[in-house]
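Some notes on the structure that comes next.
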Amino acid sequence: MERTLAIIKPDAVARRLVGKIIGRIEEAGFRIRAMRRVNLSKGDAEGFYAVHRERPFFASLTDFMSSGPAIVMVLEAPDGIKKWRALMGATDPAVADAGTLRKDFAESIERNATHGSDAPDTAAYEIGYFFAGIDLT
Ligand code: IDP
Ligand code: MG
């Protein structure tokens, strides 16, 4: 089993897509090991996306991620990191495969409905950013 950090981003929460997205997560065979609604401050979003601080979209991305509530989750499945990224689809919904969450629900390359960790080290950092050990027993 492998854990990954998933976020239903503020664009999807605002459009009341939480239930549909969680339904797709469960249908795909993940277990939701922890889940919480958060209102990120600008600083919280900057800390979460610190690896992207030199990118041209960093200011806009962290404004977006702190613009409204999001749902943070720890998902678990065999090969969970890759499996969740496959269910999400490409960062840019314009090139995401049919049947992926971003193809179905994203508004743009920035407002793209969901987040997923990209490797075991980033998953560990991102899970620890939002959840304590006691949330994952
Ligand atoms: P990922 O979420 O598919 O892993 P990353 O490259 O890690 O994609 O980028 C993090 C987030 O930053 C994306 O999910 C998206 O919200 C935003 N983003 C990525 N590239 C762009 C861009 O070119 N313009 C605007 N926002 C972007
Ligand atoms: Mg990423």
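We count ligands from 1, going down the list as the structure has it; atoms in each ligand are counted the same way. What's counted below: heavy atoms across the whole structure, side chains too, no hydrogens, waters or symmetry copies.
Using the six-membered ring where Trp is involved, F30 and W84 have ring planes that are perpendicular, over 60° apart on the 30 and 60° scheme.
For the residue pair D44 / S41, a side-chain donor-acceptor distance below 3.5 Å is found, with atom types taken as modelled.
No more than 12 heavy atoms of other residues, nucleotides or ligands shown are found within 6.0 angstrom of NZ on K82.
Of the listed residues (I7, D135, V74), just one forms a side-chain contact (heavy atoms from CB on, under 4.5 Å) with F130, and that residue is I7.
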Self-check item: R24 vs D104, salt bridge (Lys or Arg N to Asp or Glu O under 4.0 Å): CA-CA, chis, key distance, verdict
Solution: CA-CA 11 Å; R24 297 268 289 268; D104 293 345; 2.9 Å; yes
N/O donor to acceptor pairs below 3.5 angstrom from side-chain atoms of residues 15-22, sequence neighbours left out:
| from | atom 1 | to | atom 2 | distance (Å) |
| --- | --- | --- | --- | --- |
| R15 | NE | D11 | O | 3.4 |
| R15 | NE | E107 | OE2 | 2.8 |
| R15 | NH2 | F105 | O | 2.6 |

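Contact residues of ligand 1 (protein heavy atom closer than 4.0 angstrom to a ligand atom; sorted by chain and number): K9, Y49, H52, F57, L61, R85, T91, R102, I109, E110, N112.
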